[in-house]
Amino acid sequence: MSTDRQTGTGATLDVDHSDAAYRTWLKEAVRKVQADANRSADTHLLLFPLPEDWGIDLYLKDESTHPTGSLKHRLARSLFLYGLCNGWIRPDRPVIEASSGSTAVSEAYFAKLIGVPFVAVMPRTTSTEKIRLIEFHGGRCHFVDDSRRMYEESARLAARTGGHYMDQFTYAERATDWRGNNNIAESIFRQLRLERYPEPSWIVATAGTGGTSATLARYVHYMQYDTRVCVADPDNSCFFEGWTTGDPDVSCDRGSRIEGIGRPRMEPSFVPGAIDRMMKVPDAASVAAVRALERAVGRKAGGSTGTGLWSALKIVAEMVAAGERGSVVTLLCDPGDRYLDKYYSDAWLAEQGLDIEPYTAAIESLLRTGTWPH
Ligand SMILES: Cc1ncc(COP(=O)(O)O)c(C=O)c1O
């Protein structure tokens, strides 16, 4: 860093913060993140089988096949590029993040790629598999008992260590290129091009930061499609209430059981005005749906995939009832092997007092008869 000041009559003030070593490091870091994207293939659009005569196609955008196993790989890449290009991420300084786990797994990967330390501030209830993955990628886990304290604890750690608090909940919506640049929305529409209904009637997303739903909805509006975007919200989350009442200050006092989604406050990256519809989904319905996914498609997924799939199936039932044809897309957010001791464990369900039977029966009835039981 060089500083050259001349003062006095007619003098120039000249402060130069450029530093050749830092600029070399920065270029190399950006190249490594871009090269990771260049090495990676797009994620698949899977078909969820429905009776042919309904004339409705249901798809899952399978985000579990990213190198770090979730849709958060896209966000982590965007946040690292944003932080690097803004001059916020510096050599040898830690990157710190508040996360329920998936984002931290992906960010630990990118931190290792560019050679900076990484600390994840997470709820103590985070699944053991996610903790293992963060540590596998060289990250350190720092736990809080109350998930509402993640934000201030991350800011405190960043201030104490001179690191950068990434703050996905604030920056997710603006770090992502929502007009295109192969974002999740552009990729979905490109993959639907040869399908019988290339412009879906509905896209269903879930919200953690709200960034994915914001990107999908903004892209649809920007491209002038007729597609509508629905956000499915689990128990113990206030996005639904905030969206329906218009109150940005709503809060709830218990953490979500569906890892990755459902927040105790309206996160700044959630863009309510862009969203067409919201559905509140009971946690038992999310688990029933994710187990139905395995029976139908042969894939295990995380609870948030079940939350979205439940809503998508409800929309399919509405379309069948209305005699409407078309396509519906939802997301397979991350793989189920991260949650074998939760959503795939009957002991966990019993411990949580969750009875999935009525919801399983509803899904089976829909798939058999085309109607959604009241
Ligand atoms: C497993 C999982 N599904 C869905 C989401 C929602 O994504 P977004 O943060 O873009 O709202 C997250 C976010 O953390 C997640 O971890």
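All ligand and atom numbering here is 1-based and tracks the order in the structure. Along the sequence shown, the residues carry numbers beginning at 1. Just so you know, these numbers come straight off a predicted model, no measurement behind them. Hydrogens, waters and symmetry mates are skipped; everything else that's a heavy atom, side chains included, is used.
Annotation: ligand 1 has protein neighbours Leu71, Lys72, Ser102, Thr206, Ala207, Gly208, Thr209, Gly210, Gly211, Thr212, Glu259, Gly260, Ile261, Ser304, Cys333, Asp334, each with a heavy atom less than 4.0 angstrom from the ligand.
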Between Leu50 and Phe48, is a side-chain contact (heavy atoms from CB on, under 4.5 Å) present by the stated rule, with each step listed? CA-CA 6 Å; Leu50 295 177; Phe48 184 104; 4.0 Å; yes
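The aromatic rings of Tyr82 and Trp88 sit perpendicular, their planes meeting at an angle over 60°, well past the 30° parallel limit. Ring planes of Tyr151 and Phe169: perpendicular class, angle over 60° (limits at 30 and 60°).
Using a cut-off of 4.0 Å between Lys/Arg side-chain N and Asp/Glu carboxylate O, Glu153 and Arg156 are scored as salt-bridged.
The nearest pair of heavy atoms linking Gly69 to Arg338 is CA-NH2, 3.7 Å.
Remark: Lys300 is positioned above the aromatic ring of Tyr344, its terminal NZ or CZ atom under 6.0 angstrom from the ring centre and at most 45 degrees off the axis.
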